[in-house]
Visitor: 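Below are the structure tokens for one structure; questions will follow.
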Amino acid sequence: MCDLNDDFEDLEIKLTKAEIKLLGWDDKEWLIEAIVFVFFICAIITFYCS
């Protein structure tokens, strides 16, 4: 690994509300997709373990 020199600063990401809306992170669709994904993973595990 390389050591960072003294000129290194912490990376900071700042997004405006317009940028967040453009990325689609202001809606809750990602939450529903995550729940469906977890459900299918659990169903697959249950199917193969039974």
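Quick caveat, the model's predicted, so the values are computed rather than measured.
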Visitor: Would Val38 end up clustered with Ile35 when hydrophobic side chains under 4.5 Å apart are linked, directly or stepwise?
Guide: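 Hydrophobic grouping puts Val38 apart from Ile35.
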Visitor: Holding to side-chain hydrogen bond (donor to acceptor under 3.5 Å, both in side chains), I want the full list of residues that pass it with Lys14, two or more places apart in sequence or in another chain.
Guide: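 Counting only residues at least two positions away or on another chain, Lys14 forms a side-chain hydrogen bond (donor to acceptor under 3.5 Å, both in side chains) with Glu12.
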Visitor: Measure the spacing between CZ of Phe40 and CD1 of Ile45 and express it to the nearest 0.5 Å.
Guide: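 It comes to 13.5 Å.
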